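Numbering of ligands and ligand atoms starts at 1, following listing order. Being a predicted model, the structure only gives us computed values, none of them experimental.
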Amino acid sequence: MTKHPAPDLRDELVTASRILFMKDILDGFGHVSARDPEFPDTFLISRNIAPGLVTHADFMRLDFNGIDVEDSGHRPFLERFIHASIYRQRPDVNAIVHSHTPSVLPFSISKRKSLEPVMHMSGFLSGEVPVYEVRDHGHVGCDMLIRNSDMGDELARSLGDEAVILMRGHGMTVVAPDVRLAVFRAVYTEVNARVQAMALTMGEYTALTSEEALAADETNSAQNQRTWSLWETQVQNEVTR
Ligand code: MN
């Protein structure tokens, strides 16, 4: 396979990676990927490097078994199977973010409260946000990481048709039809988690109904370019809030 994907997708992933780092979704860990439209049974993801340092030259193309189809020589992420399995099982998904975002983590471990849409920007959380419990799949005493295709497939099945899945004591995985919407959803999953946690300290609160969430999501999906333009300019200018 010698043909290379359009360079703009790699550039978009660099921007996405830097935005997600700037917004505290990713830190030294985590990753964002995109399905390659030219070879839709493969996806682009950076080599094993901190997301804030990713450049155009760091990307590699993997297949749905997590194999580097171009023998780039790059060292891949251990958890590449998260991406591989979801792309295989969800043809509608073209971009994926996996992170260990601290404000989201409490909802992955709480026995009392699930993450749910509490504000209009996170209507994509409508329905039930699933939690992947690694122990339920027979992985007792493991290091919590998605280390192989079997675990990736378990995660993808647990995700079902949803946009976000939490991973108990580990993090979250966010999926979308394109890179920009994946970034938007990752950012607003984090914001929603903070708002919901704050509301919980105040006592009872009112979440969006599923009808409200779906309607808000439809509106916001058309507004995505505004936030992308702002965040892209911020990372290009290295402007911080
Ligand atoms: Mn992880």
Side-chain angles (χ1 to χ4, degrees), residues 13-14 16-35 43-54 58-60 62-68 74-90 93 95-110 114-115 125 129-160 162-176 179 182-183 185-190 192-194:
L13 283 170
V14 169
S17 211
R18 287 166 180 259
I19 289 170
L20 291 165
F21 173 63
M22 174 185 74
K23 302 295 284 181
D24 290 330
I25 309 302
L26 305 177
D27 52 15
F29 299 97
H31 15 87
V32 53
S33 72
R35 188 193 298 273
F43 62 98
L44 298 176
I45 189 167
S46 83
R47 67 185 175 92
N48 193 321
I49 187 174
L53 302 178
V54 167
D58 291 317
F59 286 91
M60 51 201 305
L62 307 182
D63 69 13
F64 294 163
N65 293 313
I67 304 292
D68 177 356
H74 288 327
R75 180 172 158 233
F77 286 114
L78 185 63
E79 290 197 291
R80 58 195 180 278
F81 304 103
I82 292 171
H83 304 258
S85 290
I86 292 174
Y87 286 127
R88 181 168 48 222
Q89 294 195 30
R90 287 277 300 269
V93 169
I96 299 174
V97 176
H98 169 64
S99 76
H100 308 149
T101 310
S103 50
V104 176
L105 273 165
F107 293 97
S108 81
I109 60 176
S110 175
S114 301
L115 188 67
L125 294 173
V129 179
V131 179
Y132 173 74
E133 168 52 83
V134 71
R135 292 179 203 159
D136 288 349
H137 299 274
H139 310 293
V140 177
C142 74
D143 66 3
M144 314 295 285
L145 302 183
I146 304 297
R147 289 184 155 273
N148 53 53
S149 286
D150 286 346
M151 296 181 83
D153 289 351
E154 292 161 9
L155 182 75
R157 278 196 298 273
S158 301
L159 172 66
E162 303 297 335
V164 178
I165 184 167
L166 307 187
M167 301 146 83
R168 196 265 305 163
H170 177 172
M172 69 170 178
T173 298
V174 178
V175 306
V179 171
V183 168
R185 287 176 174 178
V187 168
Y188 281 101
T189 298
E190 195 274 340
N192 189 93
R194 273 190 284 137

- Verify whether one side chain among His98 and Glu79 offers a donor that lies under 3.5 Å from an acceptor in the other. yes
- Task: State whether a side-chain donor-acceptor pair under 3.5 Å links Thr101 with Ser103.
- Result: no
- Query: How about the Mn ion (ligand 1), which protein N, O or S atoms come within less than 2.8 Å?
  - Reply: Glu79 OE1, His98 NE2, His100 NE2, His170 NE2
- Task: Please report the closest heavy-atom contact between Ala16 and Val179, naming both atoms and the distance.
- Result: CB-CG1, 3.6 Å
- Query: What distance separates Leu26 CG from Leu20 CG, expressed to the nearest 0.5 Å?
  - Reply: 4.5 Å
- Message: A quick test of your reading: do over 12 heavy atoms of other residues, nucleotides or ligands sit less than 6.0 Å from CZ of Phe107?
- Response: yes
- Run the ring-centre check on His137 versus Tyr132 and record whether the distance is less than 6.0 Å. yes
